[in-house]
Protein chains: 2
Amino acid sequence: MALRHAVLAALLDAELSGYQLAKSFGMGVANFWHALPQQLYAELARLEKDGLVAGREVVQDSRPNKRLFTVTGAGLAELERFTAESAKPSFMRDDLVVKVHSADHVDTAPLIAQLTERAGFARAKAELFTRLLEAMRGSRTEEEFLRRGERVGPYLTCLAGLAYEQVNQQWCERTAAVLRERQTARADR
Amino acid sequence: MALRHAVLAALLDAELSGYQLAKSFGMGVANFWHALPQQLYAELARLEKDGLVAGREVVQDSRPNKRLFTVTGAGLAELERFTAESAKPSFMRDDLVVKVHSADHVDTAPLIAQLTERAGFARAKAELFTRLLEAMRGSRTEEEFLRRGERVGPYLTCLAGLAYEQVNQQWCERTAAVLRERQTARADR
DNA sequence: CGGTCGTACTCAAGGAAGTGAGTAGTCAGA
DNA sequence: TCTGACTACTCACTTCCTTGAGTACGACCG
């Protein structure tokens, strides 16, 4: 029951279709959760069945019809309940980190490549988040916006995403540099 | 097949029992992965069946016997293969972030409490990692250790954990402060 | 005018992960 | 001496997430 609340939270900001949700959860604006389209359609169906969201059909010509969803009163209440209950600690879970852990026992060349690639992705995501933040706060300074803006939730989660991607990038670059140096040092012997 | 490699990587550094693994994966030294005891026992059984680890019984008096596991040649080869295959991108997945996303629509008091609590945990974990790093590098500087140390994998993953916990702590504190300020600002109106 | 891309969604199946309960002996402290 | 905590592990169940395939139609490009 975790995706469930992520979907509700996402629908607070805008009325969206399953497809649009899938886009932002697949990446794009998914600064706070990730899920595949199938999961989202399934979850939306369950949420609607439970009365936490309401869908309305939108007829489109020159492209398939779609269903837009909004959070109901019951949905808001459920979010309220969820937010009040104590959060379980979050854990890091990343293939790349596991690979680095065993770096002393395996060939590091492909690892360095993966770290470099990951650093690039992290940089791109960080830049995207930076632009999103600018768009949200408009002409105001961050301080000002956080003090008096109307909707700071998405801004704060975007800040989390930015910070996460920045350290991710730094760590990947540093780690790649260390492994590269050790590789050449070994070759010299 | 993700926990699988995390277990193999953990066993590279030391011969461990399921119970000991469970301790470090449950927290403690689990700077790079998290899992519950049941998962680990099941995974160890599968790994042994597949010949990737070998267990040996250690008879103890005054406490239950245990089985210690080591990585076999096949296990190392599997890790090698895993490390070479390209990594899928990692995603942030955190209840707390979801809650913050909906902060504008719900009562923030319990959220602030959770953020403060999380900040405390993150701080404690960061301190633990700092001490672990010191212990690993001994009298050497970080630079020196990373250049010439024998086993830098665990050190690098610990650095990742440290960086992660530090930004986590900062974000939680900042977010809690923002929400607190907005709460009092609202009360003043 | 044919191929590919984008919108919008569905179905089926499998593996990974989390939840809860239980066993059984040892040791330290109230 | 009883309680609770620690070591060491097992079994059963459920829910979540991923993988892979498939439908349908319009739009854009060469």
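Here is how names work: the chains are called A, B, and so on, in the same order as the sequence lines, proteins then strands, and each is numbered from 1.
For the helix from dC1(C)-dG30(D) to dA30(C)-dT1(D), the end axes, each set by the C1' atoms of five terminal pairs, are bent relative to each other by 40° (nearest 10°).
Note: Phe32(A) and His101(B) meet the aromatic proximity criterion, with ring centroids under 6.0 Å apart. Ring-centre distance between His34(A) and Phe25(A): not below the 6.0 Å cut-off.
Side chains of Gln20(A) and Ser17(A): a donor-acceptor N/O pair is present below 3.5 angstrom, by distance only. Glu80(B) and Thr83(B) share no side-chain donor-acceptor pair at under 3.5 Å. Using modelled atom types and a 3.5 Å distance limit, the side chains of Gln169(B) and Glu165(B) yield no donor-acceptor pair.
Along DNA chain D, the nucleotide nearest to Glu43(A) and the one nearest to Lys66(B) differ in position, and the one closer to the 5' end is contacted by Lys66(B). For the pair Gly18(A) and Gln39(B), both in contact range of DNA chain C, the more 5′-proximal nearest nucleotide belongs to Gly18(A).
By the 30° and 60° cut-offs, the orientation of the rings of Phe82(B) relative to His5(B) is parallel.
Under the 4.5 angstrom side-chain criterion for Ile, Leu, Val, Met, Phe, Trp and Tyr, the cluster partners of Tyr19(B) are Tyr41(B).
Using a 4.0 Å heavy-atom cutoff across all strands shown, Arg93(B) reaches sugar-phosphate atoms only and no base atom. As judged by a 4.0 angstrom heavy-atom cut-off over every strand, Gln38(A) is placed among the base-contacting residues.
For His105(A), the ring pair (Phe, Tyr, Trp, His ring centres under 6.0 Å) criterion is met by no residue, not counting sequence neighbours. Legend: residues meeting salt bridge (charged side-chain N to carboxylate O under 4.0 Å, His left out) with Arg93(A), ordered by chain and number and at least two apart, are absent.
With hydrophobic clusters built from ILVMFWY side chains whose heavy atoms lie under 4.5 angstrom apart, Phe91(A) does not share a cluster with Val167(B).
Running 5' to 3' along DNA chain D, contacts with non-hydrogen atoms of chain A at under 4.0 Å begin and end at dC16(D) to dA27(D). A nucleotide of DNA chain C counts as in contact with chain A when one of its atoms lies under 4.0 Å from a heavy atom; the first and last such, 5' to 3', are dT7(C) to dT19(C).
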